[in-house]
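When reading the values below, keep in mind they use all heavy atoms of this one structure, side chains included, and skip hydrogens, waters and symmetry mates.
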Amino acid sequence: MSITMRGPCEEAGESEEREKEAAAAAGCFAWVPEAEEGSDVDSDSDPETEGTHGLGELVKDTLYLRSCRVHSVVPASCFLRQGSAPELNLRHRGLGPQGARALASSLTANPYVKRLDLRDNGLCGTGAEALAGALSKSSSICDVDLSENQLGAVGAQAICAALTVNPTMQKVQLAGNSLEEQAAQYLAELLLAHTGLKSLDLSYNQLNDQAERIRKAVLVTGETLGPALAENTGLIELNISWNHLRGPGAIAFARGLEANIFLRVLDISYNGFGDPGASAVGEALRTNNVLEELNMSNNRISAVGALSLGLGLRVNQTLRSFVDIQVNRQFDDLASSVKVILPGLCIKTAARRVEYKKDLLPVFRPSLPASAPK
């Protein structure tokens with residue numbers, strides 16, 4: 001007798017009978033009225049029954065248990081305990097692709113969940129494909145965390161396609177999923193099509209020069225949708241830290257800021273922008289009048305690049321928080337002049353944090369070392 005070992009991200013190879021049974025189970029419980037007209041159930045809340053499962057919750061639990069049995073997985077007890085809570089937290093539960101299939105069937109009939117947290121569950125591409133159907137149909141889930149699930153390009157394609165047709169989704173976290181060049185294309189399509197998405201986390205991936213596609217998507221979206229996007233109907237927070245944006249890719253990405261009209265918070269730290277990328281960001285800050293928070297720490301930027309950034313800060317009028325590299329005397333002097341223009345600007349560095357208060361005199365005073373006499 002031969003035994004075949006499967007990795008956590010391999011296709012499970014479910015039989016058609018199991019898939020049909022799961023679909024039938026979902027169909028049977030897709031909608032159940034909470035109370036029939038004329039029933040003996042009092043519509044007013046009863047203090048003695050608070051905390052018990054309602055009919056909708058009972059149906060949800062029953063559907064999930066049946067789906068787990070169909071897919072031969074152990075039910076997650078925390079799913080049953082959370083009841084009708086608006087947040088379903090299943091992070092670090094080791095669900096795997098099969099567990100994702102079981103969960104997807106019950107999510108379709110669950111009107112309670114607004115935030116779904118599935119971080120670090122080994123879902124892989126097949127698990128993401130199983131969840132995609134539920135995410136595309138859900139009218140309640142607006143915040144989903146699928147970080148650290150080894151989604152890859154296959155999972156990114158499935159998730160992005162599902163979210164594109166779901167207008168309720170506002171926040172998506174896809175950090176640490178081995179997303180590379182091919183995934184950038186699907187992410188760009190999502191940004192172009194989903195103007196209701198407010199926050200996107202793509203940190204800790206392998207997006208490199210090809211991530212320029214994402215930059216183009218943001219830029220083109222701003223140009224084509226115009227006034228609608230100016231009314232906060234586009235992405236306002238993007239985290240693309242800990243990726244491989246450097247060289248021409250970093251410059252191309254930075255140039256997208258020049259015409260961007262909706263991003264408020266941008267984290268591009270730990271990418272290796274270097275001095276050319278820093279110079280491009282400095283040029284973008286001269287034009288951009290929307291960005292409020294920018295994190296550029298740990299990007300191999302020398303004093304030359306820091307000065308280029310400072311020249312952009314001198315002109316920019318909207319930035320409130322800026323995180324940069326360790327500074328030298330030249331940058332300190334430049335920061336002093338910038339502070340005169342932007343008294344409310346907060347500059348954070350690896351060496352110290354300098355906060356500018358509007359009620360202080362417009363003079364830059366570096367903090368004293370702890371050992372210095374007062």
Side-chain angles (χ1 to χ4, degrees), residues 175 184 201-212 214-215 218-219 237-260 263-342 344-356 364-367 369:
D201 184 356
L202 301 175
S203 59
Y204 293 92
N205 284 292
Q206 287 87 50
L207 297 170
N208 53 29
D209 291 6
Q210 292 297 321
E212 179 187 354
I214 301 176
R215 189 273 305 175
V218 176
L219 176 57
E237 181 176 359
L238 175 62
N239 184 350
I240 198 168
S241 62
W242 289 94
N243 276 276
H244 299 161
L245 287 176
R246 58 196 61 167
I251 295 174
F253 193 93
R255 286 174 179 166
L257 292 176
E258 295 182 19
N260 190 279
L263 267 181
R264 302 292 192 274
V265 181
L266 177 62
D267 188 345
I268 50 178
S269 59
Y270 291 92
N271 267 288
F273 264 56
D275 291 340
S279 179
V281 172
E283 288 295 323
L285 293 178
R286 292 172 176 266
T287 305
N288 184 286
N289 59 358
V290 178
L291 196 65
E292 297 177 357
E293 298 182 23
L294 174 62
N295 188 345
M296 282 198 68
S297 59
N298 295 281
N299 264 296
R300 304 177 185 174
I301 302 173
S302 70
V304 175
L307 289 174
S308 298
L309 283 170
L311 293 174
L313 289 172
R314 188 198 296 267
V315 178
N316 187 280
Q317 295 290 321
T318 59
L319 208 61
R320 296 186 293 103
S321 179
F322 176 73
V323 183
D324 189 37
I325 58 173
Q326 290 190 4
V327 297
N328 57 12
R329 180 61 181 272
Q330 283 182 300
F331 190 83
D332 279 352
D333 294 340
L334 187 58
S336 179
S337 63
V338 172
K339 195 275 176 189
V340 176
I341 303 173
L342 299 174
L345 179 66
C346 173
I347 297 182
K348 304 174 186 177
T349 73
R352 60 182 178 273
R353 173 174 173 170
V354 181
E355 291 189 6
Y356 295 141
F364 183 77
R365 296 187 178 91
S367 58

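- Of the inter-residue distances, the one linking L313 atom CG with L294 atom CG reads 8.0 Å to the nearest 0.5 angstrom.
- In terms of modelled atom types and a separation under 3.5 Å, the side chain of N299 and the main chain of N271 share a donor-acceptor contact.
- For residues 281-306, no pair satisfies ring-ring contact (aromatic ring centres under 6.0 Å, His included), with sequence neighbours left out.
- S203 OG to L238 CG: the interatomic distance, rounded to the nearest 0.5 Å, is 10.0 Å.
- Every side chain to side chain contact (heavy atoms under 4.5 Å, CB included) that Y204 has, sequence neighbours left out, goes to W242.
- Residue pairs meeting the ring-ring contact (aromatic ring centres under 6.0 Å, His included) criterion with at least one member in residues 285-321, sequence neighbours excluded, do not occur.
- We find the CG-CD distance between L263 and E292 to be 11.0 Å, quoted to the nearest 0.5 Å.
- No donor-acceptor distance shorter than 3.5 angstrom exists from the side chain of D201 to the backbone of A175, with no hydrogens or angles considered.
- N295 contributes atom CG, which lies 9.0 Å from atom CZ of F322 (distance to the nearest 0.5 angstrom).
- For E237, the side-chain hydrogen bond (donor to acceptor under 3.5 Å, both in side chains) criterion is met by no residue, not counting sequence neighbours.
- In this structure the side chain of N205 never reaches within 4.5 angstrom of the side chain of I240, judged on heavy atoms.
- Using a 4.0 Å cut-off between a side-chain N of Lys or Arg and a carboxylate O of Asp or Glu, R264 and E293 do not qualify as a salt bridge.
- Expressed to the nearest 0.5 Å, how far CD1 of I301 lies from CE of M296 amounts to 3.5 Å.
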Only distances under 3.5 Å count here; give the side-chain donor-acceptor pairs of residues 272-291 to other protein atoms, sequence neighbours excluded, each with its distance to 0.1 Å.
residue, atom, partner, partner atom, Å
D275, OD1, S302, N, 2.9
D275, OD1, S302, OG, 3.1
D275, OD1, G305, N, 3.3
D275, OD2, S302, OG, 2.6
N288, OD1, V290, N, 2.9
N288, OD1, L291, N, 2.7
N288, ND2, L257, O, 2.8

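- The side-chain heavy atoms of D267 and V265, taken from C-beta on, include no pair separated by under 4.5 Å.
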